[in-house]
Structures are given as structure tokens and as C-alpha cells.
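Labels below follow one simple rule: chain letters A, B, ... track the order of the sequence lines, proteins then strands, and each chain is numbered from 1.
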Amino acid sequence: MAAKANDVLEKIVSLSKRRGFVFQSSEIYGGLNGCWDYGPLGVELLKNLKEEWWKFMTYRDNVEGLDASILMHPRVWEASGHVENFTDPMIDCKQCKSRFRVDILADSIAVKKQRKMLDTAAPKLVTHWLYAGGANVSDFDDSKVAEIFTSILEDKEFNSVLIEELNCPQCGNKGTFTSPRNFNLMFKTFVGPVEDSGSVVYLRPETAQGIFVNFLNVHTAARQKIPFGIAQIGKAFRNEINTKYFLFRTREFEQMEMQFFVNPDADKQWYDYWKAERLEWFKNLGISPYKLRYHDHPANKLAHYAKEAADIEYEFPFGWGEIEGIHNRTNFDLTRHEEFSGKSQKYFDEESKEKFIPFIIETSAGASRAFMAFLVDAYREETVNNELRVVLKLHPRLAPLKAAILPLVNKDGMPEYSRKMETDLRKRFKVFYDDKGAVGRRYRRQDEAGTPFAITVDTQTIEDDTVTIRERDTMVQERISSSRVAEYLFEKLG
RNA sequence: GCGGGAGUAGCUCAGUGGUAGAGUGCAACCUUGCCAAGGUUGAUGUCGCGGGUUCAAGUCCCGUCUCCCGCUCCA
């Protein structure tokens, strides 16, 4: 069972590479863990699904679009709680396999001892910023020493000096620690030419904050009244400890988020509404309904900002996995931003004459995860005439290529006729021309790419301007007038 | 981070210290008459990367990277 599930995933990884859906990042250099590139077909599929989401979510009178920058003021992440909650360097004892948070480990060591260790280690720390000005450990009080001790423990360049001397609180052995691993999920970088602590910025770990900080801008500019939402699609970055399952857990990924601002009295109603809407979206794009389910978070497991939360899960070959989260984030985020920025985030309701900080209902989908769910769900192996047929039964609106144009044979004017048809259709549809090999082989090639329609030009075409259109899933052909092909595709693509 | 498996042609894989292989795919040409047809010809390999042992390494040893699986982690 597990082996079989694994097979499916490996086949999809293989197909993805062979046909140009997904390549490993930096492959010729040996790859980069947890990063993937979208190839010619992959980028079309990804673009299509993002467009479906965008239309579904923002082609409404109460949702506006936004594209916030990836780099934001570092205080944003203090307000959001990410700096505090995501900065947990961990250290492992190789002897007894215990794991400790570095700051907690440091707390367990008496300040007196810390001071002594720093003194002893001083010759090896002369290039550390702490000693740059000729400072001495004895110049600092206890709390400063503790702070310095922890910061050196967390400093990649210098921590080995102290770690070698540490005893494991669990088993008592000395020098058995690994280097601390920084389990902070945020990638850090620097603005400007100087790489010091004052210039630190983060690659956003979620797109949501870009929406929250623009709440009042959008409200004013778009003249929206509550309830209304702001939607955004964009990259986010998390320095995950472990990446996993192909595209499922990656370090760089894309989110499709919508934050809906509501009167606190109406939170439940809108939470339920969006929860239902979002599941429908996946179903309407053809995902097998029995492979979708809600996972409601029990009250005692909710994140600190959430009042109610549910995941939409898809049953991947490796098990159920979250592809979208719906949260009632309450007024947590705006309250925090008001506090940290000093700018009021209150909303004045003209009708009720009340002033309040809105509650936020969040729908947060992973575009990369959705991509994988659609791909996995579409993958089929069928037996046709005792031959294996691999077909991606992607929804036509998601399919990277909408139609293939195939001259039955390369003579009697068929290629010329086909080329002309290709030129006409290409203006409006992503189409593919193929005259290589037998037509049966060409059909199968398109099946594997998920192309929903194949238009074949044959002898009769030359005589009466009709072509056959072959449908991917049923392999049934119908003959229609050449002049109706574009119309036909429009109809089928909704 | 820990433990297990894997990495050789685009893909799937064989190759048990002695000349780098198969199937499939790909490209060109011939042949075609609707579901992976046939023929001819051709191209593609730092055997993941780096060291070591050896007269000789895809093969043995060490390190490292990446992928998969199980833990751990995932406010």
C-alpha cells in the first residue's frame, strides 16, 4: 500500500520532469533542497489555477485585489508575532538525543559560569562585534552577560567556542552538542550595503500581513464598506526544517489569500460562508469530491490569533494534507498593528454609528499545494486496447494546452490547412501543433499533457471544411465545421 | 536533526574491480489514412559532486549534496 502510494508520487515526479511541469531547482548543481521550478506546461497550469482563483475571489463587488511587496518593515513581523514565535534555535545532544531550545539551555547555566566561560573564550572571540570596541566581559552586568551569552550561542561563526564547553543538562556529557539549528521559519536578509542588525528585513512568511497593513488604504481608495475583502496572490518563504513530498512542503511557495473584514457580530456567518465557498471552488474545478474534506480545529488547538479554524484537506498518495486554511482571526492582527504602529485601525460604521476594529475571516490557500492536488487528482492510468494510457484529466480551464492541431498525414494539403488553423486559434488559445509520427501516438502524447481537445485535419477537411474534435477523457470524436472550432472551444472552456 | 532506501542517456533501469549498456523517448528522412504502426539514420553520459584505495573504480572506502520513506518538526 505504502509502496504503491509512493509509486504514484514518483510517477508524477517523473512525468513532471519529462513533460515539463516541474523541474528541480538548480538541478545541474545538484539541486537545492525544497525548491522547484515550473516548466513550460507547469507554468501554464499554475497560471491558470491562479487565474481561476482570482476570478472566483475578486470578481465580486465586495472583494478588492492587492499585490503587496515581499519585503516589509521589520516591525510588521514583531506585530504579527513571527519574530517572537519563530525564533527558536534548537540544539541536540548527540549522546542522549535530547533537544533543547538554546535560550532555555542558556538559562539553565548560572550567570557566574556564563561570565567565566566568556572570559575563558575571549581570545577566540576577539573578532566578534562585542569585542570590537575593546570591551570586556567584566564591563557588563549580569543581564547583559546572559544576553551576550545567548547571542553568541546563536551566532554561527562563534558558537562552537562555547558549545564545546557545555554540559548536557540531560545526560551530563560535555561537548556532545550539535551546532544550534535556527528553527526560525523566517528568511532574513539585509537592506542596503551594510549587513548589520539595524538593516535586517525578512522575506515574508505569509502574504496576509501585506493585506492587514493596507486595510485602511484599500478601504479608502476603493470606497469599500465593511464587510469587504482584500485578495492577494504571492510568494512566501519559510525556512522549513524538513521539506517533504515533492511540492507539498517547500521553502518557497505561493499563497492565494483573501482577508475578509467584518463586523465582530457577523464573524460566524462570514466564516461559514467562506468555508463553504472555498470547498466549492476545488470541487468546481474537478477535484474528486471524496478526496476532499474539512478538518475543523478543536478549540484547544487553535492558534493564538484564531477563534475558529478549519483546513480543507486533500487525500494525497501520502495521506491527507492541508491545501487551504479558513480562519476567524478576530481583531488580533489589526489590534496588534494599531499597537505597534501607533496608527488607529478602527473602522467607523456610518449606519450603526459604531467604531470598532474589524474581525478578519481569512481564506489562505497554497497555490503550489493546490497545483499538486490538481495534478495528482488528474493523473490516471488506463488500459486501452491492451495498452497503457497515461492521461491527465485536468479541468479544461486548468489544462496547460487547450487544444492540439494534428494533420492526419503530412500530405495533400493537410499540413498547410492545419498550420492556418493553428495560426487562427493561437490568437485566443494556448494550442499545440504536432505532425510527428502516427496520429494515435500524438493523441497519447496530448493525453499525458492533459490537453482536453485534439483537432484532426483529414482528407474530408480539404473537401468540405470540417474537422474532427477528439475529447481527451472519452476519446470520442465529433466532426464539426472548421469555422466553428473557436466557438466550440470557447463553449467547452466556459 | 535522527534512522532506512536511492542517485548510470530526457524517462525507466541493467551493469558484482578490466572498452558505457538496454528499453523507451528525442531528431531527420522514407512510409502513412484515427488511438503509443513499420523501416533507415543520428544525437545525447564529468556514471550526483569531492576525496581516497588500486596498475585499473560506475563498481570498494570516506565525506558531501539531492530525492523518496519513517521519526522529529510544522506559533
Student: When you compare B/U46 with B/A57, how far apart are their C1' atoms, in angstrom units rounded to a whole number?
Tutor: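 Nearest-Å result for B/U46 against B/A57 at atom C1': 15 Å.
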Student: Strictly below 4.0 Å: does A/Thr456 bring a side-chain N or O up to OP1 or OP2 of B/C34?
Tutor: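 For B/C34, OP1/OP2 do not have a side-chain N/O of A/Thr456 under 4.0 Å.
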Student: Nearest to the side chain of A/Asp458 - B/C34, B/U72, B/C35?
Tutor: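 Out of B/C34, B/U72, B/C35, the nucleotide with an atom closest to A/Asp458's side chain is B/C34.
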Student: B/C73 and B/G58: how far apart are their C1' atoms, nearest whole angstrom?
Tutor: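 Pairwise C1' distance, B/C73 against B/G58, rounds to 37 Å.
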Student: Write down the distance between CD (A/Gln460) and C1' (B/G33), rounded to a whole number of angstrom.
Tutor: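 Atom-to-atom, A/Gln460 to B/G33, this comes out as 13 Å.
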Student: Students often get this wrong, so: under 4.0 angstrom with heavy atoms, is A/Asp435 touching a base, only sugar-phosphate, or nothing?
Tutor: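 A/Asp435: no heavy atom of the nucleic acid under 4.0 Å.
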Student: Need the pair for B/U40. Rule: Watson-Crick or G-U wobble, both distances under 3.5 Å, any strand; none if unpaired.
Tutor: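 B/A28 - that is the nucleotide pairing with B/U40, both distances being under 3.5 Å.
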Student: Output the rounded distance in Å from CG (A/Asp434) to C1' (B/C26).
Tutor: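 That distance rounds to 12 Å.
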Student: Who is the Watson-Crick or G-U wobble partner of B/A9, with both distances under 3.5 Å?
Tutor: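 The answer is none; no pair meets the criterion.
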Student: Please report, rounded to the nearest Å, how far the P atom of B/A75 is from the NE2 atom of A/His297.
Tutor: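 Interatomic distance, NE2 of A/His297 to P of B/A75: 10 Å.
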Student: Select one nucleotide: of B/G70, B/C34, B/U66, the one nearest the side-chain heavy atoms of A/Asn33.
Tutor: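 The answer is B/U66, which lies nearest to the side chain.
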Student: Closest to the A/Ala438 side chain: B/A75, B/A37, B/C73?
Tutor: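 So the side chain of A/Ala438 is nearest to B/A37.
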Student: Has the side chain of A/Gln477 got a donor or acceptor that lies under 3.5 Å from a partner of the other kind on the base of B/C34?
Tutor: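 Pair found.
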Student: Could you check whether the side chain of A/Arg249 and the base of B/C74 have a donor-acceptor pair of N or O atoms closer than 3.5 Å, going by distance alone?
Tutor: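 Pair found.
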Student: In whole Å, I'd like the distance from the CG atom of A/Asn239 to the P atom of B/G1.
Tutor: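 It works out to 11 Å between those atoms.
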Student: Between B/U72, B/C26, B/A36, which one does the side chain of A/Arg445 approach most closely?
Tutor: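 Out of B/U72, B/C26, B/A36, the nucleotide with an atom closest to A/Arg445's side chain is B/C26.
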Student: Determine which nucleotide pairs with B/C2, using a 3.5 Å limit on both distances of a Watson-Crick or G-U wobble pair.
Tutor: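 When the pairing criteria are applied, B/G70 turns out to be the nucleotide that pairs with B/C2.
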Student: Verify, without hydrogens or angle tests, whether A/Arg470 (side chain) and A/Ala454 (backbone) share a donor-acceptor contact under 3.5 angstrom.
Tutor: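 Checked: no pair found.
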Student: Any ion pair linking A/Arg444 and A/Glu387 (charged N to carboxylate O, less than 4.0 Å)?
Tutor: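 Here A/Glu387 does not pair with A/Arg444 in a salt bridge, since their nearest N and O are not under 4.0 Å apart.
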Student: What heavy-atom pair brings A/Gln209 and A/Asp333 nearest, and what distance separates the two atoms?
Tutor: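 The answer is NE2-OD1, 3.8 Å.
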Student: Remember a base hit wins even if backbone is also touched, and classify A/Gln24 as base, sugar-phosphate or nothing at under 4.0 Å, heavy atoms.
Tutor: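 If one applies the 4.0 Å heavy-atom cut-off, A/Gln24 turns out to touch the sugar-phosphate alone, with no base involved.
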Student: Between B/C69, B/G33, B/C11, which one does the side chain of A/Leu408 approach most closely?
Tutor: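 Among the listed nucleotides, the one closest to the side chain of A/Leu408 is B/G33.
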Student: For the side chain of A/Lys17, counting heavy atoms from C-beta on, which of B/G10, B/G33, B/A75 is nearest?
Tutor: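 Selected nucleotide (nearest to the side chain): B/G10.
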Student: Any strand is fair game: report the nucleotide pairing with B/G17 by Watson-Crick or G-U wobble, both distances under 3.5 Å, or none.
Tutor: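 When the pairing criteria are applied, nothing turns out to pair with B/G17, so the answer is none.
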Student: Run the numbers on A/Glu362 and A/Tyr305 for side chain to side chain donor-acceptor pair (under 3.5 Å), then give the verdict.
Tutor: CA-CA 11 Å; A/Glu362 168 185 89; A/Tyr305 53 74; 5.1 Å; no
Student: When the C1' atoms of B/G3 and B/C35 are considered, how many whole Å apart are they?
Tutor: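 Those two atoms are separated by 48 Å.
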Student: Which listed nucleotide (B/C67, B/U12, B/G10) is nearest to the side chain of A/Trp36?
Tutor: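 When the side chain of A/Trp36 is considered, B/C67 is the closest of B/C67, B/U12, B/G10.
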Student: Of all the nucleotides listed (B/A75, B/C68, B/G70), which has the minimum atom distance to the side chain of A/Tyr245?
Tutor: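 Minimum distance to the A/Tyr245 side chain belongs to B/G70.
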Student: Using the P atoms only, state how far B/C49 lies from B/C71, rounded to an integer number of Å.
Tutor: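 Comparing P positions in B/C71 and B/C49 gives a spacing of 32 Å.
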Student: Considering Watson-Crick and G-U wobble pairs with both distances under 3.5 Å, what does B/C35 pair with?
Tutor: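 Checking every strand shown, B/C35 finds no partner, since no pair has both distances under 3.5 Å.
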Student: Test for a donor-acceptor pair under 3.5 Å between the base of B/C34 and the side chain of A/Tyr443, counting only N and O atoms.
Tutor: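 Per atom types, the contact qualifies.
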Student: Does A/Lys11 make a cation-pi contact with A/Tyr379 (under 6.0 Å, within 45 degrees of the axis)?
Tutor: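 No.
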Student: Would you mind checking if A/Glu448 and A/Arg445 are paired as a salt bridge, meaning a charged N to carboxylate O distance below 4.0 Å?
Tutor: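 No.
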Student: Got a sec: does the NZ of A/Lys492 have more than 12 other heavy atoms crowding it under 6.0 Å?
Tutor: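 Count not over threshold, so no.
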Student: Using a 4.0 Å heavy-atom cut-off, does A/Tyr29 contact any base of the nucleic acid, only the sugar-phosphate backbone, or nothing at all?
Tutor: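 A/Tyr29: no heavy atom of the nucleic acid under 4.0 Å.
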Student: Searching all strands shown, indicate the nucleotide that pairs with B/G50 (Watson-Crick or G-U wobble; both distances under 3.5 Å).
Tutor: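 Partner of B/G50: B/C62.
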Student: Among B/C69, B/C11, B/G33, which nucleotide has an atom closest to any side-chain atom of A/Arg18?
Tutor: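 Nearest listed nucleotide: B/C11.
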Student: At 4.0 Å (heavy atoms only), tell me whether A/Leu15 reaches a base, stays on the sugar-phosphate, or touches nothing.
Tutor: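 The answer is nothing, as A/Leu15 stays clear of every strand by at least 4.0 Å.
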Student: Under the criterion salt bridge (Lys or Arg N to Asp or Glu O under 4.0 Å), I'd like the reasoning laid out for A/Lys393 against A/Glu382: C-alpha separation, chi angles, the key distance, then a yes or no.
Tutor: CA-CA 11 Å; A/Lys393 296 194 170 179; A/Glu382 297 176 350; 2.7 Å; yes
Student: Considering only atom C1', compute the distance from B/G17 to B/C61 and round it to an integer number of Å.
Tutor: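 13 Å, rounded to whole Å.
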Student: Mind checking if A/Gly319 touches a base, just sugar-phosphate, or nothing, with heavy atoms under 4.0 Å?
Tutor: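 A/Gly319: no heavy atom of the nucleic acid under 4.0 Å.
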Student: Rounding to a whole Å, what distance do you find between A/Phe248:CZ and B/C67:P?
Tutor: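 To the nearest whole Å, that distance equals 16 Å.
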Student: Would you measure the distance from the C1' atom in B/G7 across to the matching atom in B/G15 and give it in whole Å?
Tutor: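 To the nearest whole Å, 15 Å.
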Student: Picking from B/A37, B/C34, B/G10, which would you name as closest to the side chain of A/Arg441?
Tutor: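 Selected nucleotide: B/A37.
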Student: Should A/Arg19 be listed as having a side-chain N or O under 4.0 Å from OP1 or OP2 of B/C26?
Tutor: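 No.
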Student: Using the C1' atom in both, what is the distance from B/U8 to B/U16, to the nearest Å?
Tutor: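 One C1' to the other, the span is 15 Å.
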Student: Between A/Lys411 and A/Thr243, which is nearer to the 5' end of RNA chain B once each is assigned its nearest nucleotide?
Tutor: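 Per heavy-atom nearest nucleotide, the more 5' residue is A/Lys411.
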Student: Output, in order, the C-alpha distance, side-chain angles, deciding distance and verdict of ring-ring contact (aromatic ring centres under 6.0 Å, His included) for A/Phe490 and A/Phe429.
Tutor: CA-CA 9 Å; A/Phe490 263 125; A/Phe429 303 101; 5.0 Å; yes
Student: Quick one: on RNA chain B, does A/Asn410 or A/Glu387 contact a more 5' nucleotide (nearest heavy atom)?
Tutor: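 Here A/Asn410 is the residue nearer the 5' end.
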Student: Using whole Å, report how far CZ of A/Phe316 lies from P of B/C69.
Tutor: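 Going from A/Phe316 (CZ) to B/C69 (P), I get 12 Å.
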Student: From NZ of A/Lys436 over to P of B/C35, roughly how many Å is that when rounded to an integer?
Tutor: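 In whole Å, B/C35 P lies 21 Å from A/Lys436 NZ.
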Student: Scan A/Arg470 against the nucleic acid and name what it touches under 4.0 Å (heavy atoms): base, sugar-phosphate only, or nothing.
Tutor: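 Base: the residue A/Arg470, judged by heavy atoms under 4.0 Å, touches a nucleobase.
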Student: Tell me the interatomic distance from A/Phe246, atom CZ, to B/U66, atom C1', rounded to whole angstroms.
Tutor: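 In whole Å, B/U66 C1' and A/Phe246 CZ are 14 Å from each other.
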Student: Can you tell me how far P in B/G52 sits from the matching atom in B/G39, rounded to whole Å?
Tutor: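 Pairwise P distance, B/G52 against B/G39, rounds to 49 Å.
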